[in-house]
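Accompanying notes for the structure given below.
A quick note: this is a predicted structure, and the numbers were derived from the prediction, not measured. Ligands are counted one by one from 1 in listed order, and the atoms in each one are counted from 1 as well.
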Amino acid sequence: MIPLSFYLVTDTHYFEPSLGASGKAFDNYMRKEQYFMRESSAIVKATFEKLAADKTVDTVLIPGDLSKNGEIESHKGFLKELKKLKESGKKIFVITAGHDYGEKSRAFVGDEQIEVEGTPFEILRELYADYGYSQALAVDDSTLTYVAEIAPKVRLLAINCDSKGNPKGTVDERLEAWIKIQLDEAKKDGCKVFAMCHYPMIPSVPVFDLVGDAKLKDWRRTASFLADNGVEFIFTGHMHIQSINEYVSENGNKIYDICTACLVGSPAKYRKVVFDGEKLTVESFDTPDCGCDPGNLTVREYFDNKFSTAIQNRILDALNGGKGAVKVLKRAGKKIISGITLGGFGRLLWIGVDKSIRKVKFIDFAGNIGVAIFKGDMPYSVETPEGKVIAKVLKRFRFIVKKVEPKLSKNGVEVNLTEMLLNSIYNNKGFSDNNAVIELDKN
Ligand SMILES: [Fe+2]
Ligand SMILES: [Fe+2]
């Protein structure tokens with residue numbers, strides 16, 4: 001039934017707070033975490049209340065990482081919220097992912113991390129039966145990939161690329177053959193198919209093509225396969241980033257990947273999608289204020305601060321450890337990086353830094369650029385002070401970049417690292433990562 005509209009919510013990473021989320025071990029763990037673990041249940045609750053209140057949209061898609069780390073109590077808590085949302089009149093379709101069964105389930109009590117009961121992959125289908133599997137026209141038993149009718153003549157292909165049998169972004173030839181049967185069936189029945197998958201299919205920003213866990217394995221093959229079989233849109237998550245990307249197969253068929261950020265930490269977004277047969281309109285919303293105490297910051301600043309600090313802590317912690325000369329070098333590097341300003345950094349490398357950002361600390365700059373990438377719509381062209389400085393650094397290290405590039409090239413796809421990095425900090429795609437109107441080609 002066209003027009004069709006639905007909400008997209010992903011990576012809810014729901015954690016049941018009564019398991020324990022406080023103490024020294026918890027604070028230490030949270031130093032490097034992007035999102036709010038203790039507050040995740042309140043954020044999910046507040047968001048679902050918002051969705052329930054919108055009576056104009058009756059469908060919600062959730063592509064995976066439903067729980068923090070597969071704690072059975074977190075699944076039970078999340079299911080209670082799903083039930084309330086369903087009772088408000090919504091049809092909900094989920095897929096599960098690695099964080100729903102495969103991770104070490106733990107809670108934090110006092111100064112200790114304690115192991116808590118996890119969830120075997122084998123019971124996920126039963127747990128989430130009311131949210132896709134029992135409505136499905138077909139289910140691939142080994143991966144829990146399924147096809148369901150979400151509106152008359154509209155089907156959802158919910159691809160599970162992160163199950164026990166095909167972990168971490170795998171869509172292998174066996175699963176592809178199963179999907180082909182479903183797509184042929186849909187075509188025969190005159191149905192439009194939208195796809196959903198946990199891992200981004202297309203790297204969210206160009207440089208993520210070099211990061212193994214950032215997109216589907218062999219993503220060009222899957223993208224071409226889906227596009228050539230009539231799928232025009234896939235809705236994804238996993239990378240906790242807002243991005244929209246397009247890919248054109250060798251046969252000239254186009255597919256868009258709409259990747260939505262993590263709900264419970266910066267950039268903390270969910271989306272509304274409307275398809276009218278000719279165009280897809282994507283609108284993004286901030287997760288609602290869930291009652292957390294942001295101190296003297298706005299809720300948005302509080303979320304972004306948390307993420308920026310986590311990035312900075314990861315960078316600085318990477319400079320811990322080592323032995324002998326390596327340890328000394330790392331320690332010196334850490335001291336420089338934690339204190340140096342961009343102006344000082346520029347002087348070290350003999351590059352000019354615009355006055356407006358000279359006093360910004362290097363480590364804050366790194367954290368803020370990281371946060372900005374995940375928000376999508378990166379503004380840093382080489383005309384901006386930030387873009388200029390990054391371009392100059394890349395130029396300064398061109399001799400290293402040139403050596404590294406051939407090693408990064410795979411399957412005959414050449415890598416231009418400078419271009420990749422500069423296109424990762426500046427959105428020049430011609431459409432927004434957050435609020436976009438995607439017109440389908442008429443031919
Ligand atoms: Fe996630
Ligand atoms: Fe994930």
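Nearest to the Fe ion (ligand 1), among the N, O or S atoms that His13 has, is NE2. Checked against the Fe ion (ligand 1), the N, O or S atom of Asp11 at the shortest distance is OD2.
Here His99 does not reach the Fe ion (ligand 2): none of its N/O/S atoms is less than 2.8 Å from the metal. Residue contacts to the Fe ion (ligand 2): Asp162 brings no N, O or S atom closer than 2.8 Å.
A salt bridge links Lys83 and Glu87; the closest N-O separation between the charged side-chain nitrogens and carboxylate oxygens is under 4.0 Å.
Cation-pi geometry between Lys192 and Phe194 is met: the NZ or CZ atom falls under 6.0 Å from the ring centre, inside 45° of the normal.
With the Fe ion (ligand 2) at the apex, His198 NE2 and His238 ND1 define an angle of roughly 90° (rounded to 10 degrees). Atoms OD2 of Asp65 and NE2 of His240, as seen from the Fe ion (ligand 1), are separated by an angle of 170°, to the nearest 10°.
Between Phe48 and Lys90 the shortest side-chain heavy-atom distance does not fall below 4.5 Å.
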For Lys91 and Phe6: C-alpha separation, side-chain torsions, deciding distance, then whether side chain to side chain contact (heavy atoms under 4.5 Å, CB included) applies. CA-CA 9 Å; Lys91 294 176 280 183; Phe6 54 87; over 6 Å; no
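Of the inter-residue distances, the one linking Ile234 atom CD1 with Tyr256 atom OH reads 15.0 Å to the nearest 0.5 angstrom.
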